Number of protein chains: 2
Amino acid sequence: MEELNERYQEVLYYIIEEYIVTANPVGSKFIAGKCSLNLSPASIRNIMASLEEKGYIYQPYFSAGRVPTSSGYKFYINSILKTKKISKQQKAEMRSSFNISGKDIKKILWQAINLLSEISHYMPIVLAPERTYANLLHIEFIKLDKLNILVIMVFEGGFVENKIINADRDYKQIELSKYSIKLNGIINGHNIDELKDIVIEDIDKDRESFFSLLNGIIFNFDLVKNEIDNENDYLFIGSRMNLFDEPEFSNYEKIKSLIKAFEDKRTIIKLLELTKQKEGIHIFIGSDTEWSDINGLSVITASYRSKKGFAGGSIGLIGPSRMNYALAIPTVNYIAKLLCDII
Amino acid sequence: MEELNERYQEVLYYIIEEYIVTANPVGSKFIAGKCSLNLSPASIRNIMASLEEKGYIYQPYFSAGRVPTSSGYKFYINSILKTKKISKQQKAEMRSSFNISGKDIKKILWQAINLLSEISHYMPIVLAPERTYANLLHIEFIKLDKLNILVIMVFEGGFVENKIINADRDYKQIELSKYSIKLNGIINGHNIDELKDIVIEDIDKDRESFFSLLNGIIFNFDLVKNEIDNENDYLFIGSRMNLFDEPEFSNYEKIKSLIKAFEDKRTIIKLLELTKQKEGIHIFIGSDTEWSDINGLSVITASYRSKKGFAGGSIGLIGPSRMNYALAIPTVNYIAKLLCDII
DNA sequence: TATTAGCACTCGCTAATATTGAGTGCTAAT
DNA sequence: ATTAGCACTCAATATTAGCGAGTGCTAATA
């Protein structure tokens, strides 16, 4: 990223700050009034022309004010922006807004969404922790009917996964309970991958009739790993309404493209999965290659991870590119941190 | 509902049929062309004037064509409409589009939504069966940590409910398993209300240390009954996109009011709960008192119920008031019937 | 008496035109 | 190097004109 003269930075700064608030192109006269270096509109215009040449701002049409480009935002975020510190009081408020007694992780994630929504007025998204690397706490087989067995897996962190598998024959509940107990004996805080090895080993030692049942379970392990068969238990999306209130989506065509983009959750899931394994804040702006579907949208993401070491998920905030980064970035960051503590 | 002359009925019929397709006010000339009784536009106009006086149609403005009112639709549905029979082949197709092997009820309900969406191009909604009257199949306690116990309840029909309860002391898993076994011995196809009585009785006989734990569970039963604490596991909503494509929502204001109305799911839940216990098809039109939130929308609902007798839920279809009732009504009806069979 | 042709009238829709004003780039003066 | 001054651009808004689909009424007709 090219270096920018202090004066240039200040002009860019005020353009973006103002554009974030009003969503209207910003003119030279306004900047001249705001700027600490007392310059006339004409001088500002010269600076603006340079900034435009460098690609940080552009004019929607001849003789309109200037609007930040994606690179403009990027420069602003990386070099100019000083994010607001969250006050101790605000932190305490955020923390206390979580009600964690007797709630499973799903509800806690929803609380995070609501909190983010309240504070930011943008659209929060949360990816639930994946189960592959999470340690199993408990496994249980319950007979539903002749050939269907319900497998309940409880993971560290309070995540419960229910799967129905087809059995090869009619198992009795007592028989199933025996296997449950047996398996629970060896589970003992292993994750699925490890457990798979142990179970396969065990089969060799003890070729009982539940050989095939176990096969079914192992197959099922792979299911849990690879297939998210209900997106609704994996990606949580907060209220869209706030986004629709933003002026850039105040016409029919744009609001429709927005709805269409969110209808298929895979784009969002992909984005959140990208950042899940990485530390810290990630920001996708405007027409980034990773987030090119909707022009004019930005996404701030952060990953969370329990201290016990099972894999975490990520949270994010979707807003217009002209979103209030100074507030949004530390908020996303802190809520991710809160989630780490809570889980 | 007032009686209508056959001639009047025919005119009303063609107005509605045409309006359903084009969404434009229908003029006298067009009706004169369609009508089997060969009348001139002028005569049709006379009839239209009468129909307007009776409140079945209205003019959006002087010298526009006529548009059906809510009472118009009501009369049409109750007295004129002949719903299309679904052919055997279509029925077979619908039935075979369900993949029920190894799927829990939630996924089956989602399949119903997708099917309805494909056929109707409106917005399907499904209310999951409530658990109060459903028979319990299995109950299981799993220790999460010192004071948190996960209670898993499996209901007939494949519904699984997970609840975390706070224990009064630190239970060992072995201890909990014993209670699980004990409870499972007496569950045996009772529903929660019945079970509650049995358990309370049992407590008197056998004042063990799990007295207080059971108390916690009983309290929890009430929770399952009264509180739906995650709407997302209760009400399933299909794709909104189809609705937004309808011409009545083709402007910014209307689309926003629509989104806002659906953001809060309680209205829809209330509506579906109203019809859950009743047999057959229910239709809410336009500005019915039960469904007055969004003008121009209609809802068709039907309840489903498993044969084994546990309480069912209901499915519905939200579309514009000018929806294709002839197709939508039998489709909702048949899919509800399919659900009865499958569950 | 029921029906219809004829006609003047209404009013939303579309396109064409005029007006406004915020903001610019350039030039010449400071 | 900075800036006042000025002509110019162009979206947005308001204004006007014309079209045409559809009406209600009246008088003629079967």
Side-chain angles (χ1 to χ4, degrees), chain A residues 5-8 10-12 14-16 18-19 21-69 72 247-248 250-254 296, chain B residues 4-8 10-12 14-16 18-19 21-69 72 247-248 250-254:
Chain A
N5 184 334
E6 174 140 1
R7 173 176 294 186
Y8 282 47
E10 188 164 346
V11 172
L12 180 57
Y14 281 114
I15 289 175
I16 292 181
E18 178 64 10
Y19 186 71
V21 177
T22 65
N24 289 321
V26 185
S28 57
K29 200 173 159 190
F30 177 88
I31 298 296
K34 274 272 153 141
C35 240
S36 67
L37 10 116
N38 274 32
L39 288 176
S40 74
S43 308
I44 302 291
R45 279 204 285 279
N46 287 330
I47 299 175
M48 280 171 149
S50 294
L51 281 173
E52 181 157 16
E53 210 169 299
K54 292 182 203 294
Y56 294 121
I57 53 178
Y58 78 99
Q59 295 176 282
Y61 51 90
F62 180 88
S63 93
R66 298 310 209 285
V67 169
T69 62
E248 35 264 89
S250 64
N251 81 53
Y252 179 65
E253 282 312 316
K254 284 178 186 162
Chain B
L4 274 190
N5 186 331
E6 173 140 2
R7 171 175 297 185
Y8 281 48
E10 188 165 346
V11 172
L12 180 57
Y14 281 115
I15 289 175
I16 292 183
E18 178 65 9
Y19 186 71
V21 177
T22 66
N24 288 320
V26 184
S28 57
K29 201 172 156 190
F30 176 87
I31 297 296
K34 276 269 156 153
C35 240
S36 67
L37 12 114
N38 275 34
L39 288 177
S40 74
S43 308
I44 302 290
R45 281 205 284 281
N46 287 331
I47 298 174
M48 281 172 148
S50 293
L51 282 172
E52 181 158 19
E53 211 168 297
K54 292 182 206 293
Y56 294 121
I57 53 180
Y58 79 100
Q59 293 176 281
Y61 52 90
F62 181 89
S63 94
R66 299 309 210 288
V67 169
T69 62
E248 35 264 271
S250 64
N251 82 53
Y252 178 64
E253 282 312 315
K254 283 178 188 162

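Heavy-atom basis, side chains included; hydrogens, waters and symmetry copies ignored. Remember, predicted model here, so these are calculated numbers, not experimental data. The sequence lines fix the lettering, A, B, ..., with proteins before strands; numbering per chain opens at 1.
- A salt bridge between A/Lys254 and A/Glu248 is absent, with no side-chain N of the basic residue lying under 4.0 Å from a carboxylate O of the acidic one.
- Between the CG atom of A/Asn5 and the CG atom of A/Leu12 there is a distance of 12.0 Å, given to the nearest 0.5 Å.
- With rounding to whole Å, B/Leu51 atom CG is found 12 Å from D/dT23 atom P.
- In this structure a side-chain-to-backbone donor-acceptor pair under 3.5 Å is present from A/Thr69 to A/Gly55.
- To the nearest 0.5 Å, atoms OH (A/Tyr19) and CD1 (A/Ile57) are separated by 12.5 Å.
- Here the P atom of nucleotide C/dG25 and the CE atom of A/Met48 are 9 Å apart, to the nearest Å.
- At whole-Å resolution of the value, CZ in A/Arg66 and C1' in C/dG23 are 9 Å apart.
- Put simply, the side chain of B/Glu52 gets close to the backbone of B/Gln59: a donor and an acceptor are under 3.5 Å apart.
- Taking atom CD1 of residue A/Ile31 and atom P of nucleotide C/dA22, one finds them 17 Å apart after rounding to whole Å.
- Between B/Asn5 atom CG and C/dA2 atom P there is a gap of 12 Å when expressed in whole angstrom units.
- Residues from residues 23-30 of chain B that place a heavy atom under 4.0 Å from any atom of DNA chain D, listed by number: B/Gly27, B/Ser28.
- Stem analysis of DNA chain C (at least three stacked-register Watson-Crick or G-U pairs, each with both distances under 3.5 Å) gives C:1-30 with D:1-30.
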Could you go over nucleotides 1-9 of chain D and give all protein N or O partners under 3.5 Å, atom names and distances?
residue: D/dT2; atom: OP1; partner: A/Arg7; partner atom: NH1; Å: 3.4
residue: D/dT3; atom: OP2; partner: A/Ser40; partner atom: N; Å: 3.0
residue: D/dT3; atom: OP2; partner: A/Ser40; partner atom: OG; Å: 3.3
residue: D/dT3; atom: OP2; partner: A/Ser43; partner atom: OG; Å: 2.7
residue: D/dT3; atom: O5'; partner: A/Ser40; partner atom: OG; Å: 3.4
residue: D/dT9; atom: O2; partner: A/Ser63; partner atom: OG; Å: 2.7

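- In this structure, the CD atom of A/Gln59 is 11 Å from the C1' atom of D/dC10, given to the nearest Å.
- We find the CD1-CE distance between B/Ile15 and B/Met48 to be 4.0 Å, quoted to the nearest 0.5 Å.
- Residues B/Ile31 and B/Arg66 are not in side-chain contact: their nearest non-hydrogen atoms beyond the backbone lie 4.5 Å or more apart.
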